[in-house]
Novice: 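My structure is below; once you've seen it, I'll send some questions.
Heavy atoms only: backbone and side chains are in, while hydrogens, waters and symmetry mates are out.
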Amino acid sequence: MNIALSPTLSDDQAEAWDMATSALREAGIDLDDSLLSSPRTGKQSTMAIIGKAGSGKTMLLASLTKALSEAGVDIVSGDWEGRRKKDRRTLAVLAPTNKAASVLRGHGVPATTIHRILYTPVYDPEYEKIAEWLAGQGDRPEIEGLTDTALDRAWASYQINTSVPAALAAAGLRGSDFITGWKRREEPLDVGFIDESSMLDARQFEDLQEIFPTLILFGDPAQLPPVQSEGGMVFETLPDSRKIELHRVHRQAADNPILDLAHALADPALDFAGFEDMVRDIATRDERVQVAQRVEADLMARSPVLVWRNATRIRLIHAFRAAYDAPSDELLPGEPLICDGIELPLKHRKKRLDLEARGLIKGAQAIYLGPGRKPGFSRLHVFGAEDPQISAASIVKIEQEADEEPFIPFAARMGATFLHGAAVTIHKAQGSQWGVVQVFAPDIYAAARMGRVEAGQPLWKRLTYVAITRAERELRWVVRSMLAKPKEPLTIDDLSAPAAPLTLSAEEG
């Protein structure tokens with residue numbers, strides 16, 4: 001085991017570290033001695049590190065990524081791969097959604113989406129010189145039209161985000177300036193780390209096993225299974241010898257009340273009323289948990305209120321728009337959206353790849369910035385995308401109650417489709433985190449009254465666990481079907497460049 005890391009790990013984290021490094025050693029990557037041998041072929045190995053929130057999964061993923069990089073393994077981020085070297089070893093850190101990948105990038109892990117890794121960008125040769133320089137594969141270039149100051153900005157951005165597109169954007173370039181197209185990945189990769197693997201369906205899992213000879217899954221067994229699955233999570237199919245479960249790291253001080261609530265749900269004797277009593281009790285002594293009498297419209301503009309039922313979601317969206325006096329035939333700058341997919345004919349495959357590679361995959365969260373230059377185009381801020389400011393042909397649908405046809409404020413003939421994002425279902429919130437999260441408790445109560453059980457666990461408990469663990473700093477447990485009017489008008493002034501990476505502790509997971 002790596003001695004430098006051992007003081008920061010709990011016993012089960014240390015066991016997981018040893019299991020992961022053993023799997024990597026079998027694949028020809030010895031982290032103890034920083035020795036790399038040629039990639040193996042013909043054999044696939046998958047293991048899983050699982051655990052509930054706060055057990056340290058993210059810390060382990062970040063530590064393993066850092067150790068592999070220091071041992072000489074190249075990180076493949078999906079935005080640029082550089083020149084292929086004979087017998088080089090590579091690692092890709094992937095997540096199912098933009099937001100989940102951006103959470104990892106916020107912790108300094110160069111993650112990208114599963115979809116993005118399936119396609120590779122084709123760079124203009126002149127601008128590829130900048131990418132090679134940033135990645136340490138070439139000298140500082142001289143590029144016509146780019147000043148030394150612009151290159152310095154690109155360098156500074158790359159030190160923070162380790163993203164070539166973000167660095168080139170910092171230099172004042174657009175994606176269309178340096179990316180000339182996309183091509184399907186033709187060769188398999190090497191080592192893959194998959195975060196939020198509870199969200200994978202069986203088909204995605206099979207695709208990943210074909211691409212990566214060595215695959216390590218990181219997931220939470222208490223999450224909700226994928227909607228299209230038959231109830232299970234892919235890591236449950238692995239033999240016990242290929243799985244290890246982490247347990248919560250208990251801190252003696254500055255404990256996390258949101259994690260306290262999440263872990264309390266494992267008690268079979270706890271019912272909904274008892275859980276609400278627990279929420280109220282914690283709220284009296286810790287400001288990180290609040291019992292709210294109404295939904296706050298101001299918060300919905302950036303972090304959606306989490307609900308169980310679609311009818312609740314649609315009702316809250318209409319209440320949100322009414323509170324801001326949004327007209328029925330257009331969007332206001334600052335309104336939140338959720339990408340619902342891409343509507344393009346097969347002959348426009350290249351354009352589809354471009355939109356998806358820029359972050360517009362199903363479930364992506366965005367903010368409407370205003371109309372684009374062409375009819376039907378929107379300027380958008382896509383949360384979690386490495387270059388978040390884009391313009392795209394858009395079809396926006398505002399759903400109506402009682403299964404009526406949605407009304408469409410504006411639309412291109414084809415392009416990215418969007419639903420309103422002021423409220424989302426708990427299922428769709430998986431993989432995302434927000435600083436402050438509002439959970440609509442009347443919906444959880446409705447699930448509790450139904451008495452449904454999934455995978456041996458009451459549905460209301462699984463919904464609650466996922467919903468409350470989306471909160472990074474503050475949980476608001478909303479107990480009444482009321483909406484507080486906004487204190488400020490909608491704005492887009494807060495949408496700026498991503499913050500510097502965070503520092504991980506052993507408790508994060």
Side-chain angles (χ1 to χ4, degrees), residues 29 34 36 38-39 65-94 101 104-105 108-113 116-193 211-212 350 353-354 357-359 385-390 497-498 500-501:
I29 300 173
S34 295
L36 306 180
S38 300
T65 299
K66 181 180 179 183
L68 285 166
S69 178
E70 291 177 346
V73 175
D74 290 341
I75 308 298
V76 177
S77 66
D79 57 31
W80 182 77
E81 292 188 26
R83 296 190 300 270
R84 291 188 176 276
K85 296 178 288 187
K86 184 180 179 181
D87 295 336
R88 78 164 181 166
R89 306 307 306 267
T90 64
L91 166 69
V93 184
L94 309 179
L104 287 176
R105 290 198 298 271
V109 179
T112 189
T113 62
R116 182 70 179 267
I117 210 69
L118 295 175
Y119 300 93
T120 57
V122 178
Y123 275 68
D124 180 286
E126 189 72 5
Y127 294 116
E128 188 161 23
K129 296 175 184 176
I130 304 176
E132 292 172 346
W133 165 58
L134 294 172
Q137 297 182 12
D139 297 329
R140 181 180 174 117
E142 294 184 5
I143 306 295
E144 184 178 354
L146 282 186
T147 65
D148 284 343
T149 301
L151 288 174
D152 289 342
R153 287 199 304 268
W155 177 266
S157 172
Y158 191 80
Q159 305 315 303
I160 296 174
N161 300 304
T162 60
S163 165
V164 170
L168 294 177
L173 298 170
R174 298 174 300 174
S176 57
D177 293 329
F178 54 85
I179 294 178
T180 60
W182 300 85
K183 63 180 180 179
R184 176 81 184 194
R185 182 175 298 283
E186 298 174 351
E187 299 179 10
L189 290 171
D190 191 355
V191 179
F193 290 171
I211 293 172
F212 295 100
K350 180 179 178 182
L353 295 181
D354 180 60
R358 296 171 72 189
E386 296 179 43
D387 186 6
Q389 307 280 340
I390 68 172

Novice: Quick one: does L94's side chain get under 4.5 Å of T112's, heavy atoms only?
Specialist: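 Of all side-chain heavy-atom pairs linking T112 with L94, at least one is under 4.5 Å.
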Novice: With D152, which residues qualify under salt bridge (Lys or Arg N to Asp or Glu O under 4.0 Å), at least two apart?
Specialist: R140
Novice: Grab the two heavy atoms, one from P110 and one from T65, that are nearest each other, plus how far apart they are.
Specialist: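 The pair with the smallest heavy-atom distance is CD-CG2, 4.3 Å.
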Novice: Of I143, T149, D148, which meets side chain to side chain contact (heavy atoms under 4.5 Å, CB included) against L146?
Specialist: I143
Novice: Are any of the side-chain heavy atoms of L104 and F193 separated by less than 4.5 Å?
Specialist: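 No, every pair of side-chain atoms sits at 4.5 Å or beyond.
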Novice: Kindly give the heavy-atom pair with the smallest separation between V73 and L36, and that separation in Å.
Specialist: CG2-CD2, 3.9 Å
Novice: By salt bridge (Lys or Arg N to Asp or Glu O under 4.0 Å), which residues pair with R153, not counting sequence neighbours?
Specialist: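 Counting only residues at least two positions away or on another chain, R153 forms no salt bridge (Lys or Arg N to Asp or Glu O under 4.0 Å).
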Novice: For a quick test of reading the model, state the closest non-hydrogen atom pair linking W133 to L151 and the distance between them.
Specialist: CH2-O, 3.6 Å
Novice: Which heavy atom of A92 sits nearest to which heavy atom of I117, and what is that distance?
Specialist: CB-CD1, 4.2 Å
Novice: Which atom pair, heavy atoms only, marks the closest approach of A111 to A101?
Specialist: CB-O, 3.8 Å
Novice: Rounded at 0.5 Å granularity, tell me how far CG in D124 sits from NZ in K129.
Specialist: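 Going from CG on D124 over to NZ on K129, the span is 9.5 Å.
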Novice: Mind checking what makes ring pair (Phe, Tyr, Trp, His ring centres under 6.0 Å) contact with F212, not counting sequence neighbours?
Specialist: none
Novice: How far does CD1 of I75 sit from CG of L91, to the nearest 0.5 angstrom?
Specialist: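 The distance works out to 4.5 Å.
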Novice: Give the minimum heavy-atom separation between D190 and R88, together with the two atoms involved.
Specialist: OD2-O, 4.4 Å
Novice: For the atom pair CG (L168) and OH (Y127), what is the distance rounded to the nearest 0.5 Å?
Specialist: 9.0 Å
